[in-house]
There are 2 protein chains.
Amino acid sequence: MKIPEKTVRRLSLYYRCLYFLSQQGAYNLSSKSLADLLELEPAQVRKDLSYFGQFGKKGKGYDVLELKNEIAKILGLEKGRKVAIIGIGNLGNALLSFKGFEVLGFQVVAIFDNSPNKIGKKYHGKICQDISAFPAIVRREKIDIAILTVPTESAQEVARLVSNSGIKAILNFAPAHLNVPKGVAVSNIDLAVELKSLSYFAGQKQ
Amino acid sequence: MKIPEKTVRRLSLYYRCLYFLSQQGAYNLSSKSLADLLELEPAQVRKDLSYFGQFGKKGKGYDVLELKNEIAKILGLEKGRKVAIIGIGNLGNALLSFKGFEVLGFQVVAIFDNSPNKIGKKYHGKICQDISAFPAIVRREKIDIAILTVPTESAQEVARLVSNSGIKAILNFAPAHLNVPKGVAVSNIDLAVELKSLSYFAGQKQ
DNA sequence: CTTCATATGTGAAAATATTCACATAATTTT
DNA sequence: AAAATTATGTGAATATTTTCACATATGAAG
Ligand SMILES: NC(=O)c1ccc[n+]([C@@H]2O[C@H](COP(=O)([O-])OP(=O)(O)OC[C@H]3O[C@@H](n4cnc5c(N)ncnc54)[C@H](O)[C@@H]3O)[C@@H](O)[C@H]2O)c1
Ligand SMILES: NC(=O)c1ccc[n+]([C@@H]2O[C@H](COP(=O)([O-])OP(=O)(O)OC[C@H]3O[C@@H](n4cnc5c(N)ncnc54)[C@H](O)[C@@H]3O)[C@@H](O)[C@H]2O)c1
């Protein structure tokens, strides 16, 4: 069955709530209380979960830890995902400095650039590899996701290289539409789209 | 009439294509050629635009420059939007170093933090202000959009301050759901959601 | 001038996504 | 032990979004 993309995105949000609730010692919650935390409808939560199975108990709700683990399984997070960052400039370095990856269950196992000034140097404890070594390192390290923080002009070219190396998921920060083969998932984090949409919703300037 | 949020987001993408096409000297395009650039349907492009008016010519298509300007008007970009960055840590600094804001038609007019180590110091040519001065500076500078790059624990508190200062749009990088008054638009750029969704779409690990 | 090709704008239809509402079951109260 | 309360899971209903399909207009070719 085809799962709506929005459902998958909400599962990530549910996971985060469950993670914090479990840390706070909560052991049970209802679809209503989860929905309230995220300003959603309870039916939405139940429907989303129902695509994947029956995780709750009538009259009781869901076991926090159990549901968290079920969602981790659905999202493929149990074993930890391996990530590469390509393009070690401003943004690439900010991401590298980000302590949150491990908490998220992701591990940055390799970093790449094409600049002779950067290849071989250490950034946040990791040696920057030559982008041309990418296909070999992907195979060796079993990398799951490539994060692209390269200039816009290079993004398509790098996306092609990445796709041809067998990577099935790309997180792209460059403001460009990437053409990739079917079967490769691309998420775009696009500052321009966000700012311009906000500009619209903030209303016309008086 | 209520405009779908997805339509607004696509308008930003159309704008970017039109911007590049105009730079390349193109003066006319069809809904089909615009759609092809973004892997969309031509009817989608036309429907999106039709919410706001009639910008094309039958048998001819759209004038690139004219359509670009119309979309700028729709999105409220003509005059330039003023932006503040709150939280001058790793991510805030990466954003500050980002040259793209001006090209996008956005101007970072003030930056804020609450750390005595940062207040008063210069970052990328801008003096970091005390967050407690935010309401006054918003009014003085007529800031439109607040970008939040504060730690997750502070995000809700800062969002409240920002909303109470009359800001109508927030771009939030903290992995937290922000409760804000009606009429305030929030966009979340959420690395965790993107990575976890990609993890799902990349398939279960074998 | 007429015909042909092109491409918009938009109601209608189809596809998707959300919400309702209720049968069902577990738990708590009396 | 019965009644009342709570809350799931899910078909059906509703709402939203996308796509179709065509009347209509424009420009080019003959
Ligand atoms: N800096 C930001 O805050 C920010 C915000 C939003 C979006 N972005 C986008 O993110 C991307 C990167 O931005 P940045 O400011 O970090 O740029 P940057 O110029 O600082 O860094 C880009 C890095 O990519 C490397 N690179 C170039 N071509 C490459 C290739 N073919 N293979 C491997 N590496 C290559 C460069 O050597 C450089 O180190 C851009 O597309 C930008 O528009 C940046
Ligand atoms: N660094 C990244 O690459 C990255 C990636 C994705 C998401 N994020 C998220 O972005 C946020 C910021 O990340 P970071 O790595 O830049 O953190 P950071 O700790 O480097 O910076 C946070 C800054 O916010 C300031 N701050 C704290 N409370 C404040 C308040 N009440 N008012 C004003 N300023 C305040 C701190 O003094 C600090 O300078 C976090 O929520 C993080 O999860 C960061």
Side-chain angles (χ1 to χ4, degrees), chain A residues 1-14 17-18 21 26-71 74 177 185 193 197 200-201, chain B residues 1-14 17-18 21 26-71 74 177 185 193 197 200-201:
Chain A
M1 188 198 220
K2 227 217 109 212
I3 311 295
E5 186 185 323
K6 284 191 146 193
T7 289
V8 175
R9 297 180 75 87
R10 281 192 297 264
L11 285 183
S12 307
L13 298 175
Y14 302 158
C17 288
L18 293 164
L21 287 169
Y27 55 92
N28 187 272
L29 96 169
S30 65
S31 60
K32 167 130 179 44
S33 48
L34 183 50
D36 285 348
L37 288 172
L38 296 164
E39 292 183 281
L40 300 170
E41 294 299 316
Q44 178 89 83
V45 171
R46 296 201 300 275
K47 177 69 84 178
D48 283 339
L49 295 173
S50 77
Y51 287 114
F52 302 96
Q54 308 190 157
F55 308 118
K57 229 175 181 175
K58 297 189 178 181
K60 186 85 190 296
Y62 303 87
D63 181 278
V64 171
L65 219 60
E66 192 185 304
L67 184 57
K68 172 176 155 291
N69 291 336
E70 288 290 351
I71 294 179
I74 293 165
H177 177 84
V193 168
S197 305
Y200 173 80
F201 289 112
Chain B
M1 189 200 222
K2 224 218 109 209
I3 311 294
E5 185 185 324
K6 283 193 148 193
T7 289
V8 175
R9 298 180 75 88
R10 281 190 298 265
L11 285 182
S12 308
L13 298 175
Y14 302 159
C17 288
L18 292 163
L21 288 169
Y27 56 91
N28 187 272
L29 95 170
S30 64
S31 60
K32 166 129 179 45
S33 48
L34 183 50
D36 284 349
L37 289 172
L38 296 163
E39 291 182 283
L40 300 170
E41 294 299 316
Q44 177 91 81
V45 171
R46 297 201 300 276
K47 177 68 82 178
D48 283 340
L49 295 173
S50 77
Y51 287 114
F52 302 97
Q54 308 189 159
F55 308 117
K57 230 174 180 176
K58 297 188 178 184
K60 187 86 191 300
Y62 303 87
D63 182 278
V64 171
L65 219 61
E66 193 184 305
L67 184 56
K68 172 175 154 292
N69 292 336
E70 288 290 352
I71 294 179
I74 293 165
H177 177 84
V193 169
S197 304
Y200 174 80
F201 288 112

Main chain of B:Tyr62, side chain of B:Asn28: is a donor-acceptor contact present, judged purely on distance under 3.5 Å? yes
OP1 or OP2 of D:dC20 less than 4.0 angstrom from a side-chain nitrogen or oxygen of B:Gln44, does that happen here? no
From NZ of B:Lys2 across to P of D:dT16 the rounded distance in Å is 6 Å
Using side chain to side chain contact (heavy atoms under 4.5 Å, CB included), reason through B:Leu21 and B:Leu37 one step at a time and then give a plain yes or no. CA-CA 11 Å; B:Leu21 288 169; B:Leu37 289 172; 4.0 Å; yes
Spacing of CG belonging to A:Leu67 relative to CG belonging to A:Leu11, to within rounding of 0.5 Å: 9.0 Å
Between C1' of D:dG9 and CG of A:Leu34, the distance in whole Å: 16 Å
Which residues within residues 45-53 of chain B lie with some heavy atom under 4.0 Å of an atom in DNA chain C? B:Arg46, B:Lys47, B:Ser50
Round to a whole Å and report the spacing from CD1 of B:Ile3 to P of D:dT18. 13 Å
Looking only at D:dT17, C:dC20, C:dG9, the nucleotide nearest the B:Lys6 side chain is D:dT17
Given atom CZ of A:Phe55 and atom C1' of C:dA26, what is their separation to the nearest angstrom? 19 Å
Side chain to side chain donor-acceptor pair (under 3.5 Å) pairs, two or more places apart, involving residues 43-57 of chain B: B:Thr7-B:Asp48, B:Arg10-B:Asp48, B:Tyr14-B:Asp48, B:Ser31-B:Arg46
Could you tell me the separation between the SG atom of B:Cys17 and the CG atom of B:Leu38, rounded to the nearest 0.5 Å? 4.0 Å
Given the rule in the side chain to side chain contact (heavy atoms under 4.5 Å, CB included) test, do B:Ile3 and B:Phe52 qualify, once you have shown the distances and angles that lead to the verdict? CA-CA 9 Å; B:Ile3 311 294; B:Phe52 302 97; 3.6 Å; yes
Roughly, in whole Å, what's the span from CD in B:Glu41 to C1' in C:dG9? 17 Å
Nearest whole angstrom, please: distance from the P of C:dG11 to the CD of B:Gln54. 10 Å
Kindly state which residues belonging to residues 56-69 of chain B come within less than 4.0 angstrom of DNA chain C, counting heavy atoms of the residue only, listed by number. B:Gly56, B:Lys57, B:Lys58, B:Gly59, B:Lys60, B:Gly61, B:Tyr62
To the nearest angstrom, the CD-C1' distance between A:Glu5 and C:dA15 comes to 16 Å
For side chain to side chain contact (heavy atoms under 4.5 Å, CB included), just list the numbers for B:Leu13 and B:Leu40, CA-CA rounded to whole Å, side-chain angles, deciding distance to a tenth of an Å, and then say yes or no. CA-CA 11 Å; B:Leu13 298 175; B:Leu40 300 170; 5.8 Å; no
Reported CG-to-CD distance for the pair B:Leu65 and B:Glu70, which is rounded to 0.5 angstrom: 11.0 Å
Determine, stepwise, if the pair B:Leu29 / B:Asp63 fulfils side chain to side chain contact (heavy atoms under 4.5 Å, CB included). CA-CA 7 Å; B:Leu29 95 170; B:Asp63 182 278; over 6 Å; no
Rounded off to whole Å, could you give me the CG-to-P distance for the A:Asn28 and D:dT6 pair? 14 Å
Minimum-distance nucleotide (side-chain atoms of B:Arg10 versus D:dT18, D:dT19, C:dT8): D:dT18
Please confirm whether the shortest side-chain N or O distance from A:Ser31 to OP1 or OP2 of D:dT8 is below 4.0 Å. yes
